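All figures in this text were calculated on a predicted structure; none of them were measured in a lab.
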Amino acid sequence: MIVLGNKEYYKGIGQIQFEGKDSDNPLAFKYYNPDQIVAGKTMREHFRFSIAYWHTFCGQGSDPFGPGTQNFAWDQSNDPIQAAKDKADAAFEFISKMGFDYFCFHDYDLIQEGPTFAESERRLAAITEYLKEKKATSGIKLLWGTANCFSNPRYMNGAATNPDFNILARAGGQVKLALDATIALEGENYVFWGGREGYMTLLNTDMGRELDHMGQFLIQARDYARAQGFKGTFFIEPKPMEPMKHQYDFDCATAIGFLREYGLEKDFKMNIEVNHATLAQHTFQHEIEVAAKAGMLGSLDANRGDYQNGWDTDQFPNNIQEVTEAMLVFLKAGGLQGGGVNFDAKIRRNSTDMEDVFLAHIGGADTFARALLTADKIITSSPYDKLRTQRYSSFDSGNGKAFEAGKLDLQALYKIAQENGELSLQSGKQELFENIINQYI
């Protein structure tokens, strides 16, 4: 069902439908069929696709060398509340035309921050009430909310890790309001991304104290939300650097270690962004594997970087091989825990037609759907699983099994090494695994 406000913002574009890979219609899904069952779930259930409010409805294509190129029709009112309502109308029209079920937001994506804290609170409460109406009409849900504690100049030295307590307290107040809005909108999760939780130089940084402050801040946020009846999961979104030289949530392994140190591991999981993984010199699938191993594979932010640029370009996913490898890990892990696949991606600065944002999201959804289909076929029809099992078969019986069970000490390993003598090499068959991926794409 398409949901319109007082006017139609995306004129001439109707409901995006699945038409199959032979369709020549650019405004149709070729692989994403929401009702198709893959590995026991529909694609809709696997992905729970979500639209990022900040890129799709706030990002106007500006960059350090020039202003925005996209002049949105919903950004015309000088009244911040009316402008926010117009943006919400455009958002729910777009999401309903895409046929997706979720959206995500930062607090000041929804409405312009006020000149005072009290005015910001009033504005956020007003747009929250309006969004309740939009949700009730459309059935579109909130995957997660978060607070933008990094854009305002007050957060130039961080929020929860700021050396000025009064700035930390302001961030706490802002997070409280963002949590209130998320709860009021029945958000299923809440995200913390430490955009400026890190340092520019260690010369003026007490890292230990800042990490303790961040741990305490998250504890207080969790406790407040739980006291208000929030049942969802909290997510940490790792990123190694940018805007800070070093950010404390560098990657999944670092963030998981942090959560365990401060006793937060039962309430928090990972929200993994593809471009953040590659900035950390990891692959997307590596970060999924690390989170899954820890039981913290919460949610995904779908995008990609540019191999020739060393920053976070937030382009839409289109690399079928990379996403297929990620979907292999995704399926083996049993999917996401609480979250979904949020398109944290933006159209390019020179993409100025209103249909371009539809084309981008269609391509992203099709990339994930095609990768899921390929990964499922690899698991069920190829020797992929058998080859992996064979590689570790020496641990399935005898001394290998005893070692995994903790029944062999170092002296026992020494004795086995003496008895075995020199060993033959065993191929990892990497090229065969790579060929299997190419065969099934």
Under a 4.0 Å threshold between the charged nitrogen and the carboxylate oxygen, would D89 count as salt-bridged to K134?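 Result for this pair is yes, salt bridge flagged.
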
Check ion pair K293-E289 (N to O, under 4.0 angstrom):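 No, this pair does not count.
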
Quick check on side-chain contact (heavy atoms from CB on, under 4.5 Å): which of V357, I347, D344 does H55 satisfy it with? D344

Check V191, D301, L143 against C104 for a side-chain contact (heavy atoms from CB on, under 4.5 Å) and give me the one that passes. L143

Within residues 297-327 or reaching into it, pairs that qualify as ring-ring contact (aromatic ring centres under 6.0 Å, His included) - sequence neighbours excluded: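 Counting only pairs at least two positions apart or across chains, the ring-ring contact (aromatic ring centres under 6.0 Å, His included) contacts touching residues 297-327 are F316-H361.
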
Could you check R48, K141, R44 and say which one makes a salt bridge (Lys or Arg N to Asp or Glu O under 4.0 Å) with D101? R44

For residues [X] and [Y], is any side-chain donor paired with an opposing acceptor at under 3.5 Å?
| X | Y | answer |
| --- | --- | --- |
| E431 | N435 | no |
| D75 | Q60 | yes |
| Y224 | D180 | yes |

Would a 4.5 Å heavy-atom cut-off, applied to side chains only, mark [X] and [Y] as touching?
| X | Y | result |
| --- | --- | --- |
| I219 | Q216 | yes |
| F192 | Y190 | yes |
| D35 | F18 | no |
| E93 | E8 | yes |
| T278 | F284 | no |
| F150 | M244 | no |
| Y102 | I51 | no |
| R196 | P243 | yes |

Please work out whether the ring planes of [X] and [Y] are parallel, tilted or perpendicular, with thresholds of 30° and 60°.
| X | Y | answer |
| --- | --- | --- |
| F103 | Y53 | tilted |
| F72 | W74 | parallel |
| F368 | F343 | perpendicular |
| Y32 | F100 | perpendicular |

Should the heavy atoms of other residues, nucleotides or ligands under 6.0 Å from [atom1] of [X] be counted, would the total exceed 12?
| X | atom1 | answer |
| --- | --- | --- |
| M207 | CE | yes |
| K41 | NZ | yes |
| R388 | CZ | no |
| D24 | CG | no |
| N6 | CG | no |
| K135 | NZ | yes |

Main-chain N/O of [Y] paired to [X] side chain as donor or acceptor, under 3.5 Å:
| X | Y | value |
| --- | --- | --- |
| N275 | T313 | yes |
| H282 | A277 | no |
| E45 | T42 | yes |
| Q337 | G298 | no |
| K30 | N25 | yes |
| K269 | G339 | no |
| E273 | K239 | no |
| Q15 | S96 | yes |

Measure across [X] and [Y] and return the closest heavy-atom pair with its distance rounded to 0.1 Å.
| X | Y | value |
| --- | --- | --- |
| H246 | Y248 | CD2-CD2, 4.1 Å |
| G66 | R349 | O-NH1, 3.6 Å |
| R260 | E265 | CA-OE1, 3.5 Å |
| V341 | A302 | CG1-CB, 3.7 Å |
| D366 | A28 | OD2-O, 4.2 Å |
| I2 | G14 | CD1-C, 4.1 Å |

Can you tell me how far [atom2] of [Y] sits from [atom1] of [X], rounded to the nearest 0.5 angstrom?
| X | Y | atom1 | atom2 | result |
| --- | --- | --- | --- | --- |
| R170 | R154 | CZ | CZ | 3.5 Å |
| F433 | E325 | CZ | CD | 11.5 Å |
| Q247 | T161 | CD | OG1 | 9.5 Å |
| I236 | D249 | CD1 | CG | 6.5 Å |
| L124 | D107 | CG | CG | 6.0 Å |
| Q70 | R348 | CD | CZ | 10.0 Å |

Tell me, with the steps shown, if D109 and K87 meet salt bridge (Lys or Arg N to Asp or Glu O under 4.0 Å). CA-CA 9 Å; D109 300 330; K87 187 192 297 182; over 6 Å; no

Let me see the working for T374 and I437 under side chain to side chain contact (heavy atoms under 4.5 Å, CB included), right down to the final yes or no. CA-CA 8 Å; T374 304; I437 298 291; 6.0 Å; no

Apply side chain to side chain contact (heavy atoms under 4.5 Å, CB included) to I288 and L300, showing your working. CA-CA 9 Å; I288 295 177; L300 302 177; 4.2 Å; yes

Can you check side chain to side chain contact (heavy atoms under 4.5 Å, CB included) on T201 and K245, steps first, answer last? CA-CA 7 Å; T201 174; K245 175 182 177 180; 5.9 Å; no

Show, in sequence, the C-alpha distance, side-chain angles and deciding distance for D376 and Y440, and conclude whether the side-chain hydrogen bond (donor to acceptor under 3.5 Å, both in side chains) test is met. CA-CA 10 Å; D376 179 59; Y440 283 84; over 6 Å; no

Working note: S77 + D86, criterion side chain to side chain contact (heavy atoms under 4.5 Å, CB included); need CA distance, chi angles, decisive distance, verdict. CA-CA 8 Å; S77 176; D86 292 343; 4.2 Å; yes

